[in-house]
Each structure stands twice: as C-alpha cells, then as structure tokens.
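One-based numbering, in listed order, for ligands and for the atoms of each.
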Amino acid sequence: MDFSFKHTKHALRQHLRAQRRQYSAAHQQRAAQRLAYYLQRLVGQHRWQHVALYWPSDGEIDPSLFARYLQRRGVRLYLPVVLQRHGLRFVEAPAQAFSVRHRQQLRQQRWPGKRNRYGLREPIGRGAIAAHQLDALLMPLVGFDRQGQRLGMGGGFYDRVVARLHRRVRRPQLIGLAHATQEHTQLVSEPWDQAVDVVVTDAGHRRR
Ligand SMILES: Nc1nc2c(c(=O)[nH]1)N(C=O)[C@@H](CNc1ccc(C(=O)N[C@@H](CCC(=O)O)C(=O)O)cc1)CN2
Ligand SMILES: Nc1ncnc2c1ncn2[C@@H]1O[C@H](COP(=O)(O)OP(=O)(O)OP(=O)(O)O)[C@@H](O)[C@H]1O
C-alpha cells in the first residue's frame, strides 16, 4: 500500500464522516424510520434470538427503532465493547438503552454503562456472547460499495471479528448499515477487508 492510497482512504473516510455528521435531527429520524422498515422486511421470515448492533454516534444511521422492534419480539440485543489490541466483544444491552423514540433522546437516556476510549457508550459487565453465537451482526459502515466491501472507522475491530467468523460453519448474518449516501463506486479492497452479506440503508437493501 503506497502513501497516496493510504491518504485516499483516510480522506474518503473523513469526507463520508463529515457528510453524515451534517444531517439534521429530522433527517436522521426519517432515515432511522426507513432503515427500520427495510430491516423489518428483510428479517420477516427469520427467527433471530441474539442480535448485535451499535449505539449510534458520529452521524451514523440510527438502528434504535429497529432495536425496539426486535426487543418487542423477545430478541436479545448486544452492543460492542472495545478491548485492548483492537479486540471487540459483545455484551448484552440493558433494556433501557433503546427505549426512546428519538435519536436525540438516546444521549440523555440513563442506563448502566460507561464510555470507551472513543467516547462511545458501552454496557458494563456480564452477559457477553461469543460472536459466532449471534444470529445477526449489524455493523455501522462509514462507506460501502456494490460488492459489499466496507469501509469502517479504521480500527480493524469488525474486520478481526468477521475474519474469525468466516472460519465457522455456522456464523451470524453480516449486515452493514449506512445512509444510502455513503455508497461509493468502488472501494479498494485490502487483503484483510471483510465484506458483509447485505447492506441495508434508508433506501433499501442490497445483497452481495
Ligand atoms: N457506534 C459505533 N460503535 C462502535 C464502532 C463504530 O464504528 N460505531 N466501532 C467500529 O469499529 C468500534 C469502535 N471503533 C472506533 C474506531 C475508531 C474511532 C475513532 O474515533 N477514531 C479516531 C481516528 C483515529 C485515527 O485516525 O486513527 C477519530 O475519529 O478521531 C472510534 C471508534 C466499536 N463500537
Ligand atoms: N484479521 C486481522 N488481524 C489483524 N489485524 C487486522 C485484521 N483485520 C484488519 N487488521 C488491521 O486493522 C486495520 C484495519 O484498517 P482498515 O482501514 O481496513 O479499517 P476498516 O475497514 O475501517 O475497519 P473496521 O471497520 O473493521 O474497523 C489494518 O491496520 C489491518 O492491518
């Protein structure tokens, strides 16, 4: 990987993140509703019991409406917790974490948790699940392309988890979530990059 490529990737990440951070609260709310609609259509026939998602930040599309839909159906939800050396584990989310109607209220919502080194809220303590026991892993994307290649925050957190999952016979469905505007014509794929099975946005979904 030469310097210019590294630079391009960094610049693309900055660009896409700045773009999604500009969305108004009203825009984010509509996007979250549309996302929930498409996700519900996609999972209609599934019998999921354990699903990991994320606590939205940095303009990310908000999965919390969908989270509440799953909770009402008795699905158990998990949030990522960052470990040393760019490891990730998934800890059960407190019921209150997603019990709000609007994204803005997510920030004020009280639940037992702490902030990680990136300022993201995380649940504390017990209730971790091995990633391969999840039925679905919903990942926040910074960018994506038609092939399901993903651009993340750059820490390699999800790349590492997903690489291990691919060695398993049974693995969760890998679902990337993003605003439709985060699609990029073609992302340059690096050897360690791990594609997702499907990307769902506020404009629908696209399987690989
Ligand atoms: N909501 C949410 N939770 C998540 C992720 C995510 O992308 N979104 N993650 C997905 O991986 C993990 C956390 N990974 C992160 C990786 C980097 C940064 C970050 O803020 N990085 C610096 C830039 C560092 C650099 O330039 O190297 C920054 O933005 O200032 C944040 C989270 C787990 N939890
Ligand atoms: N399976 C792995 N084992 C060890 N290191 C890895 C693995 N996968 C990725 N990495 C490292 O993590 C970093 C990931 O950088 P990259 O720019 O691809 O992040 P990304 O696609 O935005 O990642 P993510 O969304 O997974 O955090 C690279 O430095 C890479 O070497």
Side-chain angles (χ1 to χ4, degrees), residues 1-21 23 28 31-32 35 51-67 77-93 97-98 103 106-107 109 111 113-124 128-129 131-132 134 137-145 147-168 171-172 174-179 182-184 186-197 199-200:
M1 183 169 55
D2 61 24
F3 172 76
S4 62
F5 172 49
K6 226 179 196 164
H7 175 76
T8 308
K9 196 169 178 182
H10 179 79
L12 180 61
R13 195 176 269 129
Q14 295 302 315
H15 167 75
L16 291 168
R17 288 181 60 187
Q19 175 178 280
R20 73 183 184 185
R21 277 198 300 267
Y23 292 140
Q28 285 284 4
L35 177 77
V51 172
L53 29 71
Y54 54 93
W55 191 77
S57 161
D58 193 57
E60 288 168 341
I61 199 161
D62 179 3
S64 60
L65 293 177
F66 181 62
L77 303 180
Y78 300 83
L79 284 170
V81 169
V82 302
L83 308 172
Q84 301 297 318
R85 298 161 60 89
H86 294 230
L88 208 55
R89 72 190 196 121
F90 297 94
V91 175
E92 188 151 14
F98 294 107
R103 180 194 174 95
L106 271 180
R107 326 232 133 244
Q109 185 68 3
W111 48 274
K114 60 171 169 46
R115 286 190 186 266
N116 65 25
R117 59 179 181 272
Y118 304 110
L120 299 165
R121 294 268 291 275
E122 293 184 338
I124 35 175
I129 189 171
H132 69 269
L134 291 165
L137 172 52
L138 273 52
M139 290 168 266
L141 308 177
V142 173
F144 64 96
D145 67 15
Q147 278 72 48
Q149 283 299 332
R150 38 174 291 280
L151 178 70
M153 291 293 275
F157 287 97
Y158 283 105
D159 278 337
R160 286 177 176 80
V161 169
V162 173
R164 270 191 313 247
L165 289 174
H166 277 305
R167 294 189 216 118
R168 298 243 167 206
R171 61 165 176 83
L174 305 173
I175 304 179
L177 305 185
H179 296 279
Q182 289 170 254
E183 179 165 356
H184 190 76
Q186 197 171 17
L187 296 174
V188 181
S189 160
E190 293 178 272
W192 57 80
D193 282 336
Q194 302 289 333
V196 292
D197 297 322
V199 174
V200 186

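- Between Leu177 and Pro63, the shortest heavy-atom distance links the atoms CD1-CB, 4.0 Å.
- In terms of modelled atom types and a separation under 3.5 Å, the side chain of His132 and the main chain of Arg167 share no donor-acceptor contact.
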>> side chain to side chain contact (heavy atoms under 4.5 Å, CB included) for Leu35 and Asp62? Distances and angles first, verdict last.
In response: CA-CA 8 Å; Leu35 177 77; Asp62 179 3; over 6 Å; no
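- Of all heavy-atom pairs spanning Phe90 and Ala52, the tightest one is CD2-CB, 3.6 Å.
- The option with the heavy atom closest to atom 21 (O) of ligand 2, from among Asp159, Leu141, Val142, is Asp159.
- Looking only at protein heavy atoms, the nearest one to atom 20 (P) of ligand 2 is Gly152 N, 3.6 Å.
- The closest protein non-hydrogen atom to atom 18 (O) of ligand 2 is Trp192 NE1, 2.7 Å.
- Protein heavy atom in closest approach to atom 13 (C) of ligand 2: Gly156 CA, 3.9 Å.
- The backbone N or O of Ala97 lies less than 3.5 Å from no partner atom in the side chain of Gln109, so there is not a single donor-acceptor pair.
- Shown in contact with Gly155 at under 4.0 Å from a heavy atom are these atoms of ligand 2, numbered in order with element: 12 (O), 27 (O).
- If you check each of Arg13, Arg160, Arg150 against atom 11 (C) of ligand 2, the one with the closest non-hydrogen atom is Arg160.
- Applying the 4.0 Å criterion to heavy atoms of Met153 picks out, from ligand 2, the atoms 22 (O), 25 (O).
- Ring pair His86/Phe157 is parallel by interplanar angle, where below 30° counts as parallel and above 60° as perpendicular.
- Here the shortest heavy-atom pairing between Gly143 and Leu16 reads CA-CD1, 3.9 Å.
- The ligand atoms of ligand 2 that sit less than 4.0 angstrom from a heavy atom of Phe157 are 24 (P), 26 (O), 27 (O).
- The nearest protein atom to atom 16 (P) of ligand 2, hydrogens excluded, is given as Lys9 NZ, 3.6 Å; this is a heavy-atom distance.
- The contact shell of ligand 1, taken as protein residues with any non-hydrogen atom closer than 4.0 angstrom, comprises Arg17, Tyr54, Trp55, Glu60, Pro80, Val82, Leu88, Tyr118, Leu120, Pro140, Met153, Phe157, Tyr158.
- Tested against Ile175, the residues Leu137, Val51, Leu138 include a single side chain to side chain contact (heavy atoms under 4.5 Å, CB included) partner, Leu138.
- Given atom 19 (O) of ligand 2, the protein heavy atom at minimum distance is Gly154 CA, 3.3 Å.
- Not a single heavy atom of His86 sits closer than 4.0 Å to an atom of ligand 2.
- Which parts of ligand 2 touch Asp193 is read off a 4.0 Å heavy-atom cut-off, strictly below it: atoms 18 (O), 21 (O).
- Between the Arg160 side chain and the Gly156 main chain, a donor and an acceptor come within less than 3.5 Å of each other.
- For the atom pair CD1 of Ile61 and CD of Gln28, the computed distance is 7.0 Å after rounding to the nearest 0.5 Å.
- In terms of modelled atom types and a separation under 3.5 Å, the side chain of Asp159 and the main chain of Gln194 share a donor-acceptor contact.
- Within the 3.5 Å criterion, the main-chain N or O of Glu60 finds no donor-acceptor partner in the side chain of Asp58.
- Protein heavy atoms are absent from the space less than 4.0 angstrom from atom 29 (O) of ligand 2.
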